[in-house]
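Here the structure comes first, spelled out in C-alpha cells, and everything after it is commentary.
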Amino acid sequence: MKTIPSLPTNKPGDNNSAADLIRQKLNQVYAEEPSAKAELQDVNTPRHHSKHQHFMVQLSQSGRSLAEIQTAWHNYYLALPDVEKHHVWNEFYKDHASRSRQGTPVATPKIVSHPPVKSHNSKSSKPKTVTDIKKHLLSQVRGKSGQNKSSHIKSLLFGLSTGLLVVVILLFGFFNERFLAPFITPSKTVSSTPIILDPNSSSAGPEAKIIIPKINVEIPVIYDQPSVAENDVQKALEHGVLHYATTSNPGELGHGAIFGHSSNNILNKGDYKFAFVLLSRLESGDTFVLQKDSKRYVYRVFDKKVVSPNEVSILTTDYSKPATFSLITCDPPGTSLRRLVVTGEQITPDPNSNVASTATTANAPAILPSNSPTLWSRLTEWLTN
C-alpha cells in the first residue's frame, strides 16, 4: 500500500515544527483505509449510509470476490482527499463504538500503517525489510554450512581413525616379530644372574633339556622327531628346541645339532618362540649343558659364525674333535635372513667314552630350519597357490 507523502517540515527552531510533526503523524495514521471486510459489515447494518458506505454497498452487490472488493475499495480510498479519508475513519470508529455497546462482534481493520512494536524481551522476531531477510537467510545458510563442515570434519576424523586402527592391526599381525620382539624378549640383565651348576656332577633328572647358564636358558629338547621336513620341524618347535634327527645325540661320537627360534610372530602357537634370542651373547669359553637319559653332558664353546640358510653342510662338519654340538637359530632375531651357529666341544664326561652315532640316514634338508612363517608370508603363499 502507498502512503501519503509527508508534509514539508520547517527548519529547526521554527514555531510550526511541532505542528508539522503532528500533521505527519496524522498522515501516517490515515494513510491506509479500513479493511473492506469491516466496511461490508458496516453497510450491512440497517441505517442511513454515507456516500462512502453507499459505494461499498454497490461493491457488495456487484458479485465480485472479497479480494476484488478490497482492491476496488483501496483505489477508491486513495483517490479521496485527506478530509474525506478522515471522514471514512470517523465513520468506522463511530460504528465500532456503537456495535461494541450492543455486544456485536467487531471486525478490525485488516491493514495498518505500521506493525505493532514488540517488547525488547521478545525472543522471536522476523525480518521486516529486504535487508533483514537477506541477513536472516545468510545467517541460516552460514549456520547450516558450519554444521555441515563440522559434520564432514567429524566423518573425516572417524574415517582416518578407523583406517589407522586397521593399519596398526595389520602391522601387528604381519610384522610384530620385527617390531614387537625387542620388547618381549628375555631381560637383558639375565646374564648377571646365571644358572649355577655343579661342574663335577654328571647326574641329572629324567627331563631332556638344554641349560645355558650365561643367558639363563633352561628349555626342553625334543629328541623324538625323526622327520626333518620343515612342517614337522616347526610343529616340534612349539614344545621346545629340536635335536636334528640327521645328527648325533648327546653321549655319541660325531657332530650333533639343535635348532631353536630366536623370535617369532606372537600370534603363532608355542611357548618357546624366543628360546635362542640371546644366543649371540655366547663367546668362546662359555658353556652349555645337554641333559638326556638322566645324564648331563657339558660343552665348551669354541666356534661362532653366521651362515646363509642353505649352508646345510654345517650339520655334518667334522671339527676333528670326538664329540661336538652346534646350537642354531635365525639371525638377526625376528628374521629368517641368516643363521647363527654356536658350536661347543664336549668336556664332561670324557668324550672318548661315547658310543657310535645313531643319526638317521634321512635325506638332508635343502635349507636350515627357520622361524615359523609370518602371517604375511602365509598370506602371500595362500594368494600365490
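In this chain, residues are counted from 1 in sequence order. Just so it is clear, the model here is predicted, and its values are computed rather than measured.
- Of the inter-residue distances, the one linking Ile258 atom CD1 with Phe325 atom CZ reads 5.0 Å to the nearest 0.5 angstrom.
- By the criterion of side-chain heavy atoms lying less than 4.5 angstrom apart, applied directly or through intervening Ile, Leu, Val, Met, Phe, Trp or Tyr residues, Val233 is grouped together with Val307 in one hydrophobic cluster.
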Tell me, with the steps shown, if Leu279 and Ile212 meet side-chain contact (heavy atoms from CB on, under 4.5 Å). CA-CA 9 Å; Leu279 189 64; Ile212 309 177; 4.2 Å; yes
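- The shortest side-chain heavy-atom distance between Leu368 and Ile314 falls under the 4.5 Å cut-off.
- The side chain to side chain contact (heavy atoms under 4.5 Å, CB included) with Pro250 is formed by just one residue from the set Asp293, Val221, Val289, Leu290; it is Leu290.
- For the residue pair Pro351 and Pro322, the shortest heavy atom distance occurs at CB-CB, 3.9 Å.
- The cluster map of Ile, Leu, Val, Met, Phe, Trp and Tyr, joined by side-chain heavy atoms under 4.5 Å apart, puts Leu237 and Val312 in the same cluster.
- The distance from atom NZ of Lys321 to atom CD1 of Ile347, rounded to the nearest 0.5 Å, is 11.5 Å.
- Looking at every heavy atom in both residues, Tyr244 comes nearest to Ile367 through OH-O, 4.5 Å.
- Between Gln234 and Ser370, some side-chain heavy-atom pair lies under the 4.5 Å cut-off.
- Here the closest non-hydrogen pair linking Asn354 and Glu252 is ND2-O, 3.2 Å.
- A donor-acceptor pair under 3.5 Å links the side-chain atoms of His243 to the main chain of Ser248, judged by distance alone.
- Atom CD1 of Ile211 is separated from atom CD of Gln291 by 4.5 Å, given to the nearest 0.5 angstrom.
- The main-chain N or O of Pro369 is found under 3.5 Å from a side-chain atom of Arg339 such that the two form a donor-acceptor pair.
- If you check the side chains of Thr317 and His255, you find no donor sitting under 3.5 Å from an acceptor.
- Here the side chains of Phe274 and Pro333 are not in contact, with every heavy-atom distance at 4.5 Å or above.
- Of all the heavy atoms in Ser280 and Glu283, the pair that sits closest is O-OE2, 4.1 Å.
- Judged by distance alone, the side chain of Ser326 and the main-chain N or O of Val341 form no donor-acceptor pair under 3.5 Å.
- To the nearest 0.5 Å, atom CG of residue Leu66 and atom OG1 of residue Thr71 are 9.5 Å apart.
- Tracing side-chain contacts under 4.5 Å through hydrophobic residues (I, L, V, M, F, W, Y), one never reaches Tyr319 starting from Leu315; they form parts of separate clusters.
- Formation of a donor-acceptor pair under 3.5 Å by the Gln346 side chain with backbone atoms of Tyr297 is not found in this model.
- A donor-acceptor pair is defined here as one N or O able to donate and one able to accept, closer than 3.5 Å; no such pair exists between the side chain of Ser227 and the backbone of Asp232.
- For NZ of Lys235, the number of neighbouring non-hydrogen atoms (other residues, nucleotides, ligands) closer than 6.0 Å is 12 at most.
- Here the straight-line distance linking atom CG of Leu242 with atom OH of Tyr223 works out to 10.0 Å at 0.5 Å rounding.
- Hydrophobic clustering places Phe55 together with Tyr77 (ILVMFWY residues linked when any side-chain heavy atoms are closer than 4.5 Å, directly or through intermediates).
- Side-chain contact between Phe288 and Val217: absent, with no pair of heavy atoms (C-beta onward) separated by less than 4.5 Å.
- A heavy-atom distance below 4.5 Å is not found between the side chains of Thr329 and Val241.
- Taking all atoms of both residues into account, the shortest heavy-atom contact from Ile69 to Arg64 is CD1-O, 3.7 Å.
- You'll find the side chain of Val277 stays beyond 4.5 Å of the side chain of His261, heavy atoms only.
- In the hydrophobic cluster analysis, where Ile, Leu, Val, Met, Phe, Trp and Tyr join through side-chain heavy atoms closer than 4.5 angstrom, Leu253 is grouped apart from Val298.
- The backbone N or O of Leu282 sits nowhere less than 3.5 Å from a side-chain atom of Lys214 that would complete a donor-acceptor pair.
- Interatomic distance, NZ of Lys305 versus CD of Glu311, reported as 8.0 Å (0.5 Å rounding).
- Looking at Phe276 and Ile210, their side chains come closer than 4.5 Å, going by heavy atoms from C-beta outward.
- Between Val228 and Thr360, the closest side-chain pair of non-hydrogen atoms is not below 4.5 Å.
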